[in-house]
> 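One structure is given below, represented as structure tokens, and several questions about it will come after.
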Amino acid sequence: QVQLVESGGGLVQAGGSLRLSCAASGRTFSRYSMGWFRQAPGKEREFVTAINWIGGSTYYTDSVKGRFTISRDNAKNTLYLQMNSLKPEDTAVYYCAAALSVGIVTTRGSYDYWGQGTQVTVSS
């Protein structure tokens, strides 16, 4: 089992920045590839970004490329999402997820564990 707890969400004006964190406990964090997803009201949960088990490879959905950065610190069992130049359309609940894989995982159904989510609201 892996327990994931997100933090760092909040209310920010358009153009602002937030950094989300995802603290992992349980089995060895470094064995898992990690991802961030988000879900806006009335919409399905969508992939945002992912990072492989050692942090050497990352992948982003087109809408956040150049604005968001995913990273991980395996020594601290923590995943991060730096979000810059935020837009109102980034408003959503953001979830971190863990997949028992060494490579990048982009499909929702391939993730094994999920956090409870943290709300990000971007005002215009």
Side-chain angles (χ1 to χ4, degrees):
Q1 287 283 344
V2 174
Q3 292 79 42
L4 303 172
V5 179
E6 302 97 335
S7 61
L11 173 64
V12 64
Q13 289 188 332
S17 298
L18 283 174
R19 187 172 87 151
L20 306 184
S21 297
C22 173
S25 60
R27 295 192 174 184
T28 306
F29 177 68
S30 61
R31 295 180 60 188
Y32 291 83
S33 287
M34 301 295 295
W36 288 98
F37 288 73
R38 66 186 179 186
Q39 188 167 17
K43 295 187 177 181
E44 291 190 356
R45 192 172 300 187
E46 65 173 0
F47 170 81
V48 177
T49 179
I51 189 167
N52 72 337
W53 67 287
I54 202 170
S57 296
T58 58
Y59 185 82
Y60 299 89
T61 194
D62 286 346
S63 62
V64 307
K65 283 181 181 176
R67 301 189 298 121
F68 289 13
T69 302
I70 188 172
S71 62
R72 65 189 296 164
D73 186 336
N74 286 347
K76 295 183 178 180
N77 286 0
T78 305
L79 176 74
Y80 302 100
L81 181 64
Q82 178 66 44
M83 305 186 294
N84 299 328
S85 303
L86 282 161
K87 304 175 181 180
E89 51 263 44
D90 295 318
T91 295
V93 177
Y94 282 71
Y95 298 88
C96 68
L100 190 57
S101 170
V102 297
I104 294 287
V105 179
T106 62
T107 54
R108 177 181 169 183
S110 297
Y111 280 87
D112 302 295
Y113 302 101
W114 293 83
Q116 84 290 346
T118 186
Q119 176 70 48
V120 171
T121 303
V122 184
S123 63
S124 57

> Run Met83 and Val12 through side-chain contact (heavy atoms from CB on, under 4.5 Å) and show every step you take.
CA-CA 11 Å; Met83 305 186 294; Val12 64; over 6 Å; no

> Under the side chain to side chain contact (heavy atoms under 4.5 Å, CB included) test against Val122, which residue among Leu18, Leu11, Thr91 passes?
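When side chain to side chain contact (heavy atoms under 4.5 Å, CB included) is applied between Val122 and each of Leu18, Leu11, Thr91, only Thr91 qualifies.
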
> Given Phe68, which of Thr58, Leu81, Thr49, Leu20 fulfils the side chain to side chain contact (heavy atoms under 4.5 Å, CB included) condition?
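Of the listed residues Thr58, Leu81, Thr49, Leu20, the side chain to side chain contact (heavy atoms under 4.5 Å, CB included) partner of Phe68 is Leu81.
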
> When rounded to the nearest 0.5 angstrom, what distance separates CG in Asp112 from OG in Ser101?
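Between atom CG of Asp112 and atom OG of Ser101 there are 9.0 Å.
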
> I need the single residue from Ser71, Ser21, Cys96 that forms a side chain to side chain contact (heavy atoms under 4.5 Å, CB included) with Leu79. Which is it?
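When side chain to side chain contact (heavy atoms under 4.5 Å, CB included) is applied between Leu79 and each of Ser71, Ser21, Cys96, only Cys96 qualifies.
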
> Roughly how far, to the nearest 0.5 Å, is the CD atom of Glu6 from the OH atom of Tyr95?
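Tyr95 atom OH to Glu6 atom CD measures 8.0 Å (nearest 0.5 Å).
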
> Taking all non-hydrogen atoms of both residues, which atom of Val5 and which atom of Gln116 are closest, and how far apart?
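Looks like CA-OE1, 3.7 Å.
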
> So does Lys65 pair up with Asp62, basic N to acidic O under 4.0 Å?
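Salt bridge between Lys65 and Asp62, a charged N being under 4.0 Å from a carboxylate O: yes.
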
> Could you check whether any side-chain N or O of Tyr60 sits under 3.5 Å from a backbone N or O of Ile70, counting only pairs where one atom can act as donor and the other as acceptor?
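Present.
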
> Check for a donor-acceptor pair, side chain of Trp36 on one end and backbone N or O of Tyr80 on the other, with a separation under 3.5 Å.
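Between the backbone of Tyr80 and the side chain of Trp36 there is a qualifying donor-acceptor contact (under 3.5 Å).
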
> Quick check for you: to the nearest 0.5 Å, what is the distance between Gln119 atom CD and Gln39 atom CD?
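The CD atom of Gln119 sits 10.5 Å away from the CD atom of Gln39.
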
> What distance separates Thr106 OG1 from Tyr111 OH, expressed to the nearest 0.5 Å?
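One gets 7.0 Å once the value is rounded to the nearest 0.5 Å.
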
> As a quick check of understanding, evaluate side-chain contact (heavy atoms from CB on, under 4.5 Å) for Thr61 and Glu46, giving each step before the final call.
CA-CA 9 Å; Thr61 194; Glu46 65 173 0; 6.0 Å; no

> Can a donor-acceptor pair be found, under 3.5 Å and without considering hydrogens, that links the side chain of Asn77 to the backbone of Phe29?
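Checked: no pair found.
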
> Take Arg45 and Trp114, measure what side-chain contact (heavy atoms from CB on, under 4.5 Å) needs, and give me the verdict at the end.
CA-CA 12 Å; Arg45 192 172 300 187; Trp114 293 83; 3.4 Å; yes

> Does Thr69 offer a backbone N or O that forms a donor-acceptor pair with the side chain of Asn84 under 3.5 Å?
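No; zero donor-acceptor contacts below 3.5 Å.
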
> Stepwise, does the side-chain contact (heavy atoms from CB on, under 4.5 Å) test hold for Leu4 with Met34?
CA-CA 11 Å; Leu4 303 172; Met34 301 295 295; 4.0 Å; yes

> Just how far is it from atom OG of Ser17 to atom CG of Leu86, taken to the nearest 0.5 Å?
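Separation between the atoms: 6.0 Å.
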
> Closest approach of Arg38 and Ser63, non-hydrogen atoms and distance?
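That would be NH2-OG, 3.5 Å.
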
> Under 3.5 Å, is there a donor on one side chain and an acceptor on the other for Asn52 and Ser33?
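Ser33 and Asn52 do not have a side-chain donor-acceptor pair below 3.5 Å.
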
> Between Arg67 and Ser85 (side chain of the first, backbone of the second, donor and acceptor by atom type, cut-off under 3.5 Å), is there such a pair?
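Yes; judged by distance alone, with no hydrogens or angles, the pair exists.
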
> Answer yes or no: are there more than 12 heavy-atom neighbours, outside Tyr59 itself, under 6.0 Å from its atom OH?
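Counting other residues, nucleotides and ligands, OH of Tyr59 stays at 12 neighbours or fewer.
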
> Mind listing the closest non-hydrogen atom pair of Val105 and Ser110 along with its distance?
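Taking Val105 first and Ser110 second, the nearest heavy atoms are CG1-CB, 3.5 Å.
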
> I'd like to know if Ile51 and Phe47 are part of one continuous hydrophobic network [Ile/Leu/Val/Met/Phe/Trp/Tyr, side-chain heavy atoms within less than 4.5 Å].
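Cluster IDs for Phe47 and Ile51 differ.
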
> Rounded to the nearest 0.5 Å, what's the gap from OG on Ser124 to NZ on Lys87? Could you check?
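NZ of Lys87 is found 14.0 Å from OG of Ser124.
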
